[in-house]
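Shown next, in structure tokens, is the structure this report addresses.
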Amino acid sequence: MTTVFTTHNFTTTPIITMRRRSSMFVTLRQPGTGKLVSVKVGFSWFFLLLTPFYGLPQFIKGIWGHGCLVLFLYLVLVGLAAAGAAPLGGLILIGLAIFYGVQGNKFVARRLLIKGWTMEGDEHAMAYAKAQWGLGA
């Protein structure tokens with residue numbers, strides 16, 4: 001068996017390698033004020049860890065409808081716990097936390113884009129974000 005090694009001239013042809021999966025952010029700009037907000041594309045630890053606490057991250061990030069929904073479900077689950085169904089309520093809260101950990105940044109970005117904010121920056125990052133968030137190209 002023969003082993004073949006190839007060499008690359010890194011001074012003329014850069015090769016991009018990633019040791020680990022890094023976070024990608026997209027910058028959104030508010031047209032009137034020029035305010036900038038960076039939104040992460042992908043999983044959010046913030047949403048995962050804090051969603052069970054009354055929907056706190058949803059209110060902080062401005063997705064009020066989602067926050068009210070989580071708060072309402074939390075109050076219903078407290079009632080279920082009083083009726084003896086605490087394990088079911090805990091599982092539902094864990095499921096909500098995972099759901100918002102995966103989808104939370106998408107909801108935030110969509111809310112800002114609906115309000116007229118525009119994406120700026122790297123074309124590759126914007127195309128990736130649009131694909132991940134289910135937006136039209």
Single-linkage hydrophobic cluster I98~L73, side-chain heavy atoms < 4.5 angstrom: no
Pairing residues for F25 by the ring pair (Phe, Tyr, Trp, His ring centres under 6.0 Å) criterion, not counting sequence neighbours: none
Would you be so kind as to tabulate the donor-acceptor pairs closer than 3.5 Å made by side chains of residues 104-116, with sequence neighbours excluded?
| residue | atom | partner | partner atom | Å |
| --- | --- | --- | --- | --- |
| N105 | ND2 | K40 | O | 3.3 |
| N105 | ND2 | G42 | O | 3.1 |
| K106 | NZ | Q103 | OE1 | 3.1 |
| R110 | NE | W133 | O | 3.1 |
| R110 | NH2 | W133 | O | 2.6 |
| R110 | NH2 | G134 | O | 3.4 |
| R111 | NE | G62 | O | 3.2 |
| R111 | NH2 | K61 | O | 3.0 |

T27 side chain near V37 side chain, heavy-atom distance below 4.5 Å: no
Steps toward side chain to side chain contact (heavy atoms under 4.5 Å, CB included) verdict (Y128, M24): CA-CA 9 Å; Y128 180 73; M24 184 177 296; 3.4 Å; yes
Distance-only criterion, 3.5 Å: show the donor-acceptor pairs between side-chain atoms of residues 119-126 and protein atoms not counting sequence neighbours.
| residue | atom | partner | partner atom | Å |
| --- | --- | --- | --- | --- |
| E120 | OE1 | R29 | NE | 3.1 |
| E120 | OE1 | R29 | NH2 | 3.3 |
| E120 | OE2 | R29 | NE | 2.5 |
| D122 | OD1 | H124 | N | 3.4 |
| D122 | OD2 | A125 | N | 3.4 |

Single-linkage hydrophobic cluster, 4.5 Å side-chain cutoff, L93 and V78 together: yes
Cluster overlap I94 with V70, hydrophobic side-chain contacts below 4.5 Å: no
ILVMFWY cluster, F72 and I60 together (side-chain gap under 4.5 Å): no
Over all atoms of both residues, closest heavy-atom pair of H66 and Y100: ND1-OH, 2.8 Å
Sequence neighbours excluded and cut-off under 3.5 Å, please list the side-chain donor-acceptor pairs for residues 43-50, or say none.
| residue | atom | partner | partner atom | Å |
| --- | --- | --- | --- | --- |
| S44 | OG | F46 | N | 3.4 |
| S44 | OG | F47 | N | 3.2 |

Test ring pair (Phe, Tyr, Trp, His ring centres under 6.0 Å) applied to Y74 - qualifying residues, sequence neighbours left out: Y54
Pair T51-F99, side chain to side chain contact (heavy atoms under 4.5 Å, CB included): steps then yes or no: CA-CA 10 Å; T51 291; F99 173 75; over 6 Å; no
For S38, all residues meeting side-chain hydrogen bond (donor to acceptor under 3.5 Å, both in side chains), sequence neighbours excluded: none
